[in-house]
There are 2 protein chains.
Amino acid sequence: MMSVPLYEAKAELFRLLGHPVRIRVLELLQDGPMPVRELLAAIEVEPTGLSQHLAVLRRSSMVTAHRDGSTVVYALAGGDVADLLRAARKLLTQKLTGQNELLTELLDTETGVR
Amino acid sequence: MMSVPLYEAKAELFRLLGHPVRIRVLELLQDGPMPVRELLAAIEVEPTGLSQHLAVLRRSSMVTAHRDGSTVVYALAGGDVADLLRAARKLLTQKLTGQNELLTELLDTETGVR
DNA sequence: TTAGGAATTGCGAATTTACGCAATTAGCGG
DNA sequence: CCGCTAATTGCGTAAATTCGCAATTCCTAA
């Protein structure tokens, strides 16, 4: 089995998350499964574009899809995607609130970050 | 102040993390500040390439740099980048084991792949 | 001041990714 | 079967990333 270095996989994961539409989809799906139609209504994107981004998320096994009649319903596929999004939000709020650099710097230098 | 939607910022963050070299740098810096020279020795990349990736991390305030004599030392800049990397590792581990389960299940039940 | 290493920056070429239109598949109702 | 909505796929082009070479900056030692 050709082993892919973990950091390669990690980079790939982040790269796949690196698009606004895909982030929106994942965030919306955190509240439970949702048909494409609703995703389409909630996100500012054209049907074709949404499909393509959903395909990316599907191929990387971050979401699952199943038909229900004439509509297709998407859902988060297991793994803790939520943790990632949460960590991202945490980091961003820190950065956006910005000027508490003092605090983070203190915490950082204190421990020597081991 | 022109507010950037949070999901845009989040996507941007992930996009910036989405490169093997940048991931490696962040992981290495988790053990403490490190001069470029050492990063260069530890990562398989050319000086010019490393500089460019370091520039990306600098511009997005994920790392800081300061000169120490003739060398430049990089360090993680505050925020909980570590949390992100940890969450990513967790998700990847789940995913990889999950793929194995799926694979064995496929081999056990049917040979058909449609 | 000059030589040299360390690190960065400025392009240009090559690769990758995103977007939109047209065409296609799939289910539902008349 | 036919028409219609939902969703996806196939391309071609536009836009963004990446990478390496050459040139530049900054520091140190002679």
Side-chain angles (χ1 to χ4, degrees), chain A residues 4-5 7-26 28-29 33-77, chain B residues 4-5 7-26 28-29 33-77 113-114:
Chain A
V4 176
Y7 60 86
E8 290 270 5
K10 217 177 282 187
E12 162 106 347
L13 171 61
F14 285 127
R15 190 169 53 77
L16 293 175
L17 289 172
H19 191 287
V21 170
R22 297 199 282 268
I23 290 291
R24 288 289 286 135
V25 167
L26 293 177
L28 287 168
L29 291 185
M34 192 175 284
V36 173
R37 182 172 19 83
E38 289 186 23
L39 291 173
L40 201 45
I43 308 176
E44 201 156 326
V45 64
E46 317 210 8
T48 181
L50 180 58
S51 271
Q52 286 165 346
H53 288 297
L54 288 174
V56 171
L57 295 175
R58 251 186 292 122
R59 279 196 294 271
S60 53
S61 300
M62 286 194 265
V63 304
T64 60
H66 75 273
R67 292 202 82 102
D68 182 18
S70 70
T71 77
V72 176
V73 178
Y74 278 82
L76 288 189
Chain B
V4 176
Y7 61 87
E8 290 270 5
K10 218 177 281 188
E12 162 106 346
L13 171 62
F14 285 127
R15 189 169 54 79
L16 294 175
L17 288 173
H19 191 288
V21 171
R22 297 198 282 268
I23 291 290
R24 288 289 286 133
V25 167
L26 293 176
L28 287 168
L29 291 185
M34 193 175 286
V36 173
R37 183 171 18 84
E38 289 187 24
L39 291 172
L40 201 45
I43 309 175
E44 202 156 326
V45 64
E46 317 210 8
T48 181
L50 180 57
S51 271
Q52 286 165 345
H53 289 297
L54 288 174
V56 170
L57 295 175
R58 251 186 292 122
R59 280 195 293 271
S60 53
S61 300
M62 286 193 266
V63 303
T64 60
H66 75 273
R67 292 200 83 102
D68 182 19
S70 69
T71 77
V72 177
V73 178
Y74 278 84
L76 289 188
V113 192
R114 239 183 357 124

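Rounded to an integer number of Å, the gap from M34(B) CE to dA6(C) C1' is 17 Å. dT5(D) atom C1' lies 17 Å from atom CD of E46(A), rounded to whole Å. E12(B) places its CD atom 14 Å from the P atom of dA18(C), with the value rounded to the nearest Å.
Taking CG of L17(B) as the start and CG of L57(B) as the end, the distance is 8.0 Å to the nearest 0.5 Å. The NE2 atom of H19(A) lies 8.5 Å from the CD atom of E8(B); values are rounded to the nearest 0.5 Å. Expressed to the nearest 0.5 Å, how far CE of M34(B) lies from CG of L76(B) amounts to 10.0 Å. For the atom pair CZ (R37(A)) and OG (S70(A)), the distance works out to 7.5 Å, reported to the nearest 0.5 Å.
Under the 4.5 Å side-chain criterion, counting only non-hydrogen atoms from C-beta, L16(A) is not in contact with R59(A).
With sequence neighbours left out, the side chain to side chain contact (heavy atoms under 4.5 Å, CB included) criterion links R58(A) to A55(A), V63(A), A65(A), Y74(A). Residues forming a side chain to side chain contact (heavy atoms under 4.5 Å, CB included) with T64(A) (at least two apart in sequence, or on another chain): A75(A), A77(A).
Near DNA chain D, meaning a heavy atom under 4.0 Å away, the residues from residues 36-45 of chain A are V36(A), R37(A).
Relative to the side chain of R15(A), the nucleotides dA7(D), dT18(D), dT17(C) differ in distance, and dT17(C) lies closest.
Mapped onto DNA chain C by nearest heavy atom, T71(B) and H53(A) fall at different nucleotides, with T71(B) at the one closer to the 5' end. The residue among L50(A) and G49(B) whose nearest nucleotide of DNA chain D is located toward the 5' end is L50(A).
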Set out, line by line, the N/O atom pairs under 3.5 Å between protein and nucleotides 9-11 of chain D.
{"from": "dT9(D)", "atom 1": "O4", "to": "T48(A)", "atom 2": "OG1", "distance (Å)": "2.8"}

Under 3.5 Å, N/O pairs linking protein and nucleotides 23-30 of chain D:
none

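For dC19(D), the OP1/OP2 oxygens have a side-chain nitrogen or oxygen of H19(B) closer than 4.0 Å. Put simply, Y74(A) has no side-chain N or O that comes within less than 4.0 Å of OP1 or OP2 on dA6(D).
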Tabulate below the donor-acceptor pairs under 3.5 Å that side-chain atoms of residues 38-53 of chain B make, not counting sequence neighbours, or state none.
{"from": "H53(B)", "atom 1": "ND1", "to": "R22(B)", "atom 2": "NH1", "distance (Å)": "3.0"}

